[in-house]
Amino acid sequence: MYFCPLVANTDYSFMEYAHRDIEKKWQEYWKDKEVYKVGNDSTKPKFYVLDMFPYPSGAGLHVGHPLGYIASDILARYKRHCGYNVLHPMGYDAFGLPAEQYALETGQHPAVTTEQNIKRYREQLDNIGFCYDWSREVRTSDPKYYKWTQWIFLQLFHSWYDRSRQKARPISELVAIFEEEGNSNHPCPEDESLQFDARHWKDMKPAQQRNMLMQYRIAYLSHAEVWWCEALGTVLANDEVVNGVSERGGHPVVKKRMNQWFLRITEYADRLLNSLDNLDWTDAMKEMQRNWIGKSTGAEVGFDIDGYAEKIKVFTTRPDTIFGVDFMVLAPEHDLVDIITTGEHKAEVTKYKEYVQSRSERERMAEVKQVTGAFTGAHVIHPFTGKKVPVWISEYVLAGYGTGAIMAVPSGDDRDHAFAKHFNIPITNVFGNKYNGEEAYSDKGGTIENSDFLSGKEVKEAIKLAINSIVEKGIGHAKVNYKLRDAGFSRQRYWGEPFPVVYREGIPYGIDEIGGDINQLPVELPHVDSYKPGPEGQGPLANIEDWVHTGEGNRETNTMPGYAGSSWYFLRYMDPHNDETFADRKATDYWREVDIYIGGTEHAVGHLLYSRMWTKALHDLGHISFDEPFKKLINQGMIQGSSRFVYRINGTNTFVSAGLKKEHKVDVLHVDVKYVDGLELNTEAFKQWRPEYANAEFILEDGKYICGAEIEKMSKSKYNVVNPDDIVAQYGADTFRMYEMFLGPIDVSKPWDTKGIEGVHRFLKKMWRLYNDEQRGWIVTEEAATDAELKVLHKTIKKISEDIEKFSFNTSVSQFMICVNELTAMNCHKHAILEPLAVLIAPFAPHFAEELWQQLGHEGSVVDAAYPEWQEQYVKENSKNYPIAINGKARAEMEFPLDMDITDVEKAVLSNEVVIKWMEGKPLKKFIYVPGRMINVVV
RNA sequence: GCCCUGGUGGUGGAAUUGGUAGACACGCAGGACUUAAAAUCCUGUUUGCAGCAAUGCGAGUGCGGGUUCAAGUCCCGCCUGGGGCACCA
């Protein structure tokens, strides 16, 4: 008789799958032996697998975070088995607003809370058994790291973009050009009409020269309007302002013009656009970047204002419709508005401008059907017809795009049409009968009508003719326009990288220009006692008098934005401890760009675009040898939470089960999912959750309290957060890893449901039992494998390898299950089959595989075991059980050798009695035979 | 309003990319083992009709059309969930 052993003897773990012991053992082993340490000197080919590093928030990791990390970990391990030297690092995007807000509330230094959060993150990550080389960890808030963020900023500050060569060059070379020939070959990006020759340049005062250079620098100082919220003490983003108040707290906000640093990313627009073609990213992702860059070709045309010397410049993609211009629209913020508005319209225009001031761009966008505007009283002269065209202002024209003014063609543009109808402006039809008077004709097809020399011409041809004519008249030129705007690079905050910049008499200098030494970097973030903003909307650093005032000038008190550190972190991992340079050239030449980058789509246009630009700039300036950061990009979907609700009867402490809630007036309350099993509430645990529930009473149905359920975003406030630690503690890291992969395709969003995890856990136990018997212990034999067993193995190797390459991890897990089910059915415990299988599963369940690998008699870790290769001879099928369809409907099955001749197949099929029955004596029309697939008989 | 995505059993999903729809799991139901439980194993599980049953016939991948010998997959038009947006002229 078998008795359950009372003590776990040393052999215990060899009998039963003891995930806790196994995982602890191997995590310690990996750490002690530095199994995941990666060198930069290797004769192996390199492979760089990168996760988007996390912002260490106070909430810790939830089960959604590791989804991408597990996928990349599988890939990294797989590539290592395949003989690559794999770089797979992790770090923290540690500067950011939440830490600062927390500091404002609690007075705790962001460095302290960030450190705590990182510690927590690290514990959680370690739990899951990732193969990160932690010796390469980076933190963007570490002075040793941001020293180089500041250094790169200085490189951008000390360079300009040469449009003729399409690359960044040192500003000193621009100075040499100016001294030689002025700027005739290098128009000023800020103002293309600005011209000077060499003598003019030499005549300028040093301050004037520096001002001029500022208009060329890639990192430059300019002005911008920002939403300033006094109460929150920060500048707010557009979408943080709703109805003219701050979204958080509802405090008043004002627009404030401030000195801001910018990155001249617009100069890179074309290159950022064109090199997308060579990237292995999803089409959706590329499309998002294309739309963001928003290249459009057309013309810039100046319209003379009746009675003024100024012109209204517009950009249009449809210069061919110029005869259909019925009015002009300026953005309400346009500089000319105040100049040209006539006396009688002043009041209305001012009132309208005030209305627009209070509206965020979000609102201006969301309410499309609402047409608003005001007439300025001014007119422009149509350059071809000489007619007077009224000038309006409206919020649907944005100051930031194009010239901030449009020529409105109501017969050809929906919004112009709505505007004309609303304000009763007569509409000129330039599309003949294609325009029906009710809806604008905005297609780019057909001919232009009623348009003098353009009448009867196709759109394409008409555009060309129109531009020619516009150029001839000297009123404009062909122009390429981009939606992309230069990137604001200043934040009025504390918890970010200080700028390595000091001002002398209002002129900014890189600190390397005045001290002359790069060793002055980093400019360290000083400790502050208060996180309150400085005077006049400046950042908190402005409050530290003795930090701001140096012997060499006054420091810049803004800090850099969140994306500064993340724009280049992938380079630092290559050589993270270098104090001489951001990364040794030998290291960057070896590792080059990231081979696989995994992360969410939320960074589609921010981080990913800035990284691309920084990489291109560093490449232009000769610091690295490649100009794209991320060769292949995989987007992981969001894991949503499944919230649970309880129903409290109004004014009582009695909770009614979901099925009975209609009989009462109830409050719907989120309940923490950890007190709910499926839909059934653990009422005792619930009572202990919070003091106010201690005396809760319940109205049950069938003896149970049933909760309501809903799928929502996983968040602390919804009590639907599932902590990976809990899952790992119960089922083990290997089960957790495989279950996350089994949930579905990596790129699809899906709700978390812990229920299904049992299946994966059972699978691992079942696989374990191929090697170990509960009572007999190790049961692997040295018997030779049969063909059937080899077929199962090689089929699995083939499927898993292919699936990993295409990131189809959910089907990989399925295949493992199929394989183990089949081997179990065959009662196969053979070394020849089970050893390769252990290697195969190592990327997915690394602790599990290590233990098996050791049991199989190997010294050391499984991570460097060669990945098994599948062989055609074992996988090959030589016959196929064909479905036979009659008129496309499957009616019978017949088995044929794969190489059977079609005429023989046809003969055999047509003599099958089921086939004969279904042909109902009708003549054969067509016989379709797809070898290896199916057969269709058409009658 | 525009852009991008998705819609397959009770649930998560699979489908060799145009070739037997529902793999693999979860859940559920029934059974075996056990004094009992846990663990494990076996059977069934899209749906309607017929049958004790093996099975047979019909329907079926959001809805309506179309292309094709053949459609979850391609085309057209709708409905709908999710995500994004800077009214981009």
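Heavy atoms only: backbone and side chains are in, while hydrogens, waters and symmetry mates are out. Letters A, B, ... mirror the listed sequences (proteins, then strands); counts begin at 1. No experiment lies behind these values; they were computed from the predicted model shown.
- A:Tyr396 and A:Asp416 share a side-chain donor-acceptor pair at under 3.5 Å.
- With a 6.0 Å radius and a threshold of 12 heavy atoms from other residues, nucleotides or ligands, A:Asn881 has its CG atom above the threshold.
- A donor-acceptor contact closer than 3.5 angstrom links the side chains of A:Asp270 and A:Tyr482.
- Glycosidic conformation of B:rU17 is syn; the angle stays within 90° of 0.
- Nucleotide B:rG84 holds its P atom 17 Å from the CD atom of A:Gln289, rounded to whole Å.
- Ring geometry for A:His417 versus A:Tyr435: interplanar angle over 60°, hence perpendicular rather than tilted (30 to 60°).
- Between the C1' atom of B:rG83 and the CE atom of A:Met285 lies a distance of 12 Å, rounded to the nearest Å.
- When Watson-Crick and G-U wobble pairs are counted only if both distances are under 3.5 Å, B:rU73 pairs with no nucleotide at all.
- Here B:rC78 sits opposite B:rG62 as a Watson-Crick or G-U wobble pair (both hydrogen-bonding atom distances under 3.5 Å).
- With rounding to whole Å, A:Glu822 atom CD is found 12 Å from B:rA23 atom C1'.
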I'd like a list of close polar pairs between nucleotides 55-60 of chain B and the protein, N/O only, cut-off under 3.5 Å.
residue: B:rG58; atom: OP2; partner: A:Arg891; partner atom: NH1; Å: 2.8

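- Remark: P of B:rA25 and NZ of A:Lys766 are 7 Å apart, rounded to the nearest angstrom.
- The separation of B:rC63 from B:rU55, taken at their C1' atoms, amounts to 34 Å, rounded to a whole angstrom.
- When both distances must be under 3.5 Å, the Watson-Crick or G-U wobble mate of B:rA14 does not exist.
- Nucleotides B:rG72 and B:rU61, compared at atom C1', are 5 Å apart to the nearest Å.
- Following rounding to the nearest Å, A:Gln636 (CD) and B:rG82 (P) show an atom-to-atom distance of 21 Å.
- Taking the P atom of each, B:rA38 and B:rU46 are spaced 27 Å apart, rounded to whole Å.
- Comparing the P positions of B:rU68 and B:rG12 gives a spacing of 36 Å, expressed to the nearest Å.
- In summary, the aromatic rings of A:Phe816 and A:Phe844 are positioned with their centroids under 6.0 Å apart.
- Both A:Asp413 and A:Gly759 lie near RNA chain B, and the one whose nearest nucleotide falls closer to the 5' end is A:Gly759.
- For the pair A:Trp870 and A:His794, the tightest heavy-atom approach, listed with the atom from each and the gap, is CA-ND1, 3.3 Å.
- Per the geometry, CZ belonging to A:Arg762 stands 10 Å off P belonging to B:rA25, to the nearest Å.
- A:Glu395 and A:Tyr352 share no side-chain donor-acceptor pair at under 3.5 Å.
- Within the structure, a side-chain polar atom (N or O) of A:Arg769 is placed less than 4.0 Å from OP1 or OP2 of B:rC41.
- With a 6.0 Å radius and a threshold of 12 heavy atoms from other residues, nucleotides or ligands, A:Lys795 has its NZ atom above the threshold.
- The partner of B:rU20, taking Watson-Crick or G-U wobble pairs whose two distances both stay under 3.5 Å, does not exist in any strand shown.
- Salt bridge present: A:Asp803 and A:Lys799 bring a charged side-chain N and a carboxylate O closer than 4.0 Å.
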Sort me out a list of protein N/O and nucleotides 71-74 of chain B N/O pairs below 3.5 Å, or just none if empty.
none

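- For A:Asn821 and B:rA23, the shortest distance from a side-chain N or O to OP1 or OP2 is not below 4.0 Å.
- Across all strands, A:Ile406 comes closer than 4.0 Å to base atoms (heavy-atom distances).
- Within 6.0 Å of atom CD in A:Glu895, more than 12 heavy atoms from other residues, nucleotides or ligands are found, so the atom counts as buried in its surroundings.
- Taking 4.5 Å as the limit, every side-chain heavy atom of A:Asp320 sits out of range of all side-chain heavy atoms of A:Lys460.
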Detail all sub-3.5 Å separations between protein N/O atoms and N/O atoms belonging to nucleotides 12-21 of chain B.
residue: B:rG12; atom: O2'; partner: A:Leu743; partner atom: O; Å: 2.6
residue: B:rG13; atom: O3'; partner: A:Asn810; partner atom: ND2; Å: 3.4
residue: B:rA14; atom: OP1; partner: A:Asn810; partner atom: ND2; Å: 2.9
residue: B:rU16; atom: O2; partner: A:Arg933; partner atom: NH1; Å: 3.4

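- B:rC88 is unpaired under the criterion used here, namely a Watson-Crick or G-U wobble arrangement in which both key atom distances are under 3.5 Å.
- For the P atom pair drawn from B:rG60 and B:rA54, the interatomic distance equals 24 Å after rounding to whole Å.
- Under the Watson-Crick and G-U wobble criteria, each requiring two contacts below 3.5 Å, nucleotide B:rC49 is paired to B:rG56.
- Each of A:Asn291 and A:Thr316 was matched to the nucleotide of RNA chain B holding its nearest heavy atom; the match closer to the 5' end belongs to A:Asn291.
- Using a cut-off of 4.0 Å between Lys/Arg side-chain N and Asp/Glu carboxylate O, A:Lys765 and A:Glu16 are scored as not salt-bridged.
- Using the Watson-Crick or G-U wobble rule with both distances under 3.5 Å, B:rA29 pairs with B:rU43.
- B:rG9 adopts a syn glycosidic conformation, its chi angle falling within 90° of 0.
- In this entry the distance linking NZ of A:Lys925 with P of B:rU68 reads 11 Å, nearest Å.
- Between A:Phe423 and A:Trp392, the ring-plane angle classifies as tilted under the 30° and 60° cut-offs.
- Distance A:His334 NE2 to B:rA89 C1': 14 Å, rounded to the nearest Å.
- Note: A:Phe807 and A:Phe809 have perpendicular aromatic rings, judged against thresholds of 30 and 60 degrees for the angle between ring planes.
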